[in-house]
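Here's the structure we're looking at; comments come further down.
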Amino acid sequence: MSDVRNMLEDRLPGLHGRIEKELTEAEAHYNKQAGQVPSEFLLDHTRRTAAIAYKISTLENEDPFLPTLVALYHDAGKFHGGEYHSDDMPEEKHAAVMAGAMLGEFGLDEASISAVLEALRALYDDNLLLVGPCRIVQDADQLDKLGALAVEATRTAKTRIRKNYLE
Ligand SMILES: [Fe+2]
């Protein structure tokens, strides 16, 4: 995770912290609206996905900059307006709106902003090819989800074994 932060601090100082702040506030807002206990699932998942995207990129000899940016924004529209999927707009579209504005504010060049937005679009539009940063982020996202499922499956199996054979 420090690789991600270091790379972004080097190229777009302050952006990493700003994205994390947005993610944290969006989830806190949603939890409050929904009467749920505080959580940081979105931030944690995003951090892991960005770290995995960084790793995949370096293993494939790709520049991790764009895939990591896409990963940091890929779920940023999940709690848009403090609600979960409250309108017909795909969450990735909300994420793209946020990314476009923020990346412009931080002075990223137009070509890179377009590449990030295109990758975010390809995450929900089946007519677009999953290539480049988008493919890497989709793999990273799936790998992180698989990790969570594997942890849960292991926990369930251990509980069953304990109940059925040890108690
Ligand atoms: Fe995700």
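When a residue number appears, it is its place in the shown sequence, counting from 1. Whatever order the structure lists them in is the order used to number ligands and atoms, beginning at 1.
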State, without any angle test, whether Glu40 and Thr24 hold a side-chain donor-acceptor pair at a distance under 3.5 Å. no
Just by modelled atom types, is the Ala76 backbone N or O under 3.5 Å from a matching donor or acceptor in the Glu91 side chain? no
For the Fe ion (ligand 1), the nearest N/O/S atom on Asp75 is atom OD2
If I consider every N, O or S atom in Asp141, which one ends up closest to the Fe ion (ligand 1)? I only need its name. OD1
Before moving on, can you tell me the angle at the Fe ion (ligand 1) between the NE2 atom of His45 and the NE2 atom of His74, to the nearest 10 degrees? 100°
Heavy-atom distance under 4.5 Å between the side chains of Leu8 and Leu69, does that happen here? yes
N/O/S atom of Asp144 inside 2.8 Å of the Fe ion (ligand 1), strictly under: no
Would you say CD of Glu22 has more than 12 non-hydrogen atoms from neighbouring residues, nucleotides or ligands within 6.0 angstrom? yes
